[in-house]
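Reminder, nothing fancy here: chain letters follow the sequence lines and each chain counts from 1.
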There are 2 protein chains.
Amino acid sequence: MPIKQGRDLLQLVGYQLQRASLAAEQDARRALQPFGVSPAKLTALVLIRDNPGCDQTALGRALSINRSSAMRQVNILEERGLVERRPGRDARTNALHLTSEGEQRLGAMLDAIRESDALSVSTLTSEERGVLRALLERVASQKDRSRPRKRTPAD
Amino acid sequence: MPIKQGRDLLQLVGYQLQRASLAAEQDARRALQPFGVSPAKLTALVLIRDNPGCDQTALGRALSINRSSAMRQVNILEERGLVERRPGRDARTNALHLTSEGEQRLGAMLDAIRESDALSVSTLTSEERGVLRALLERVASQKDRSRPRKRTPAD
DNA sequence: TATTGTTATACTCTATAACTATA
DNA sequence: TATAGTTATAGAGTATAACAATA
């Protein structure tokens, strides 16, 4: 017998967000499996491609992780030959770039993820998808989340 | 200098879902911190309260985790005196119930989470929140996610 | 002093695989 | 055979705290 989700959960936007996000993430993970990367790593690759020469700390901020965690991700992408560290704007920083292999593979990954994304929301009309994306963008980019904000994720 | 999110990311509903979900989850985590539980554990508590006597495997399915992972969560909730295992419908199964302390604490947790949830979507009108919840529900409960589905999370 | 990268360490959450005891 | 619980183990992802080099 299946479990009931009562009103206390269903009324929470955060609960629905989590469930929808998890479902889409699993779809994406499956689609990216042949490439051996997670959805988060694909995001990192796209950010590096679109911000060539960025440093690890900035990348981490964009991914909502701290620079130590960002380093780990970059290490993995570098080991796989997708990303390289070049000398940065000063002697402390690395400039991140995709390798040519990284650029090539990323193209195929994006094809796969676009297909998977469409499947994740295949029950919505094209207009509804637009509405959803716009509402989500407002929630995600809401600056004041009340409460004392001190650090950006934590560091 | 901040990092640019190009169109390749912004056009993906899954990307926006993940960002909005993460933001709301962090809000929830902060709100629940005084209670020492994560958002996922709150979900487990509500599901147990609303499905008294359910077993661990069913709980896991509702949480999209397998029975081994469900066990770990129940162990923690039991250690904290919020949940108890009683004899189940047959000798293999446990019947999960909230303790009286669990019921009491859950009430306060729900107050906190409702407030946090409202803050997470405070830039949306009440109507927009309803639209968002409805759209998310359809994405989350979409049954056919194409591709060969065999196991429910994995087991 | 502040910042970047780095390392070591630990924690949370999840999964897999195997075992047991039931059914 | 199939199912529920359990255990041991491993992996991914993140965090904290320190340190060195540089600004």
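Rounding to the nearest 0.5 Å gives a distance of 8.0 Å between CG of A:L42 and CG of B:L12. Once rounded to the nearest 0.5 Å, the distance linking CG of A:L132 with CD of A:E127 reads 12.5 Å.
Regarding B:L59, its CG atom lies at a distance of 16 Å from the C1' atom of D:dT6, rounded to whole Å. Put simply, CD1 on A:I65 is 16 Å from C1' on C:dC11, counting in whole angstrom units. One atom, CD of B:Q56, and another, P of D:dT7, lie 10 Å apart when rounded to the nearest Å. Rounded to whole Å, atom P of C:dC11 lies 16 Å from atom CZ of B:R29. Taking atom CG of B:D55 as the reference point, atom P of C:dA23 lies 14 Å away to the nearest angstrom. Rounding to whole angstrom units, CG of residue B:N66 and P of D:dA10 are separated by 17 Å. For the pair B:L22 CG and C:dC13 P, the interatomic distance rounds to 15 Å; values are reported in whole Å. For the pair A:E84 CD and C:dG5 P, the computed distance is 16 Å after rounding to whole Å.
Nucleic acid contact class of A:R85 (heavy atoms, under 4.0 Å, all strands): sugar-phosphate only.
Overall bending of the helix from C:dT1-D:dA23 to C:dA23-D:dT1, expressed as the angle between end axes built from five pairs apiece, is 0° (10° steps).
Checked by atom type, the side-chain pair B:Q11/A:R114 shows no donor-acceptor distance below 3.5 Å. Between the side chains of A:S69 and A:N66, a donor-acceptor pair is found at a separation under 3.5 Å.
Side-chain contact check for A:Q56 versus A:N94: some heavy-atom pair is nearer than 4.5 Å. By the 4.5 Å heavy-atom criterion applied to side chains, A:M109 and A:K41 are not counted as neighbours. Looking at A:L82 and A:L106, their side chains never come closer than 4.5 Å, going by heavy atoms from C-beta outward. Here the side chains of B:R89 and B:D55 are in contact, with some heavy-atom distance below 4.5 Å. Between B:E78 and B:R85, the closest side-chain pair of non-hydrogen atoms falls below 4.5 Å.
Heavy-atom minimum distance, B:S141 versus B:E137: OG-O, 2.7 Å.
Within the 4.0 Å cut-off from OP1 or OP2 of D:dG13, at least one side-chain nitrogen or oxygen of A:S38 is found. For C:dC13, one of the phosphate oxygens OP1 or OP2 lies less than 4.0 angstrom from a side-chain nitrogen or oxygen of B:K41.
For A:Q104, the CD atom counts as loosely surrounded, since its 6.0 Å shell holds 12 or fewer non-hydrogen atoms of other residues, nucleotides or ligands.
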Walk along nucleotides 18-23 of chain D from 5' to 3' and tag each nucleotide B, S or - by protein heavy-atom contact under 4.0 Å, base first, then sugar-phosphate. B--BBS

One pair to check against salt bridge (Lys or Arg N to Asp or Glu O under 4.0 Å): A:D27 and B:R145. What are the steps and the verdict? CA-CA 7 Å; A:D27 291 343; B:R145 312 208 81 88; 2.7 Å; yes

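Contacts between residues 69-79 of chain B and DNA chain C, counted as heavy-atom distances below 4.0 Å, involve B:S69, B:R72, B:Q73.
The base of C:dT3 is not paired with the side chain of A:T57 by any donor and acceptor separated by under 3.5 Å. A donor and an acceptor atom never sit less than 3.5 Å apart when one is taken from the side chain of B:T93 and the other from the base of C:dT22.
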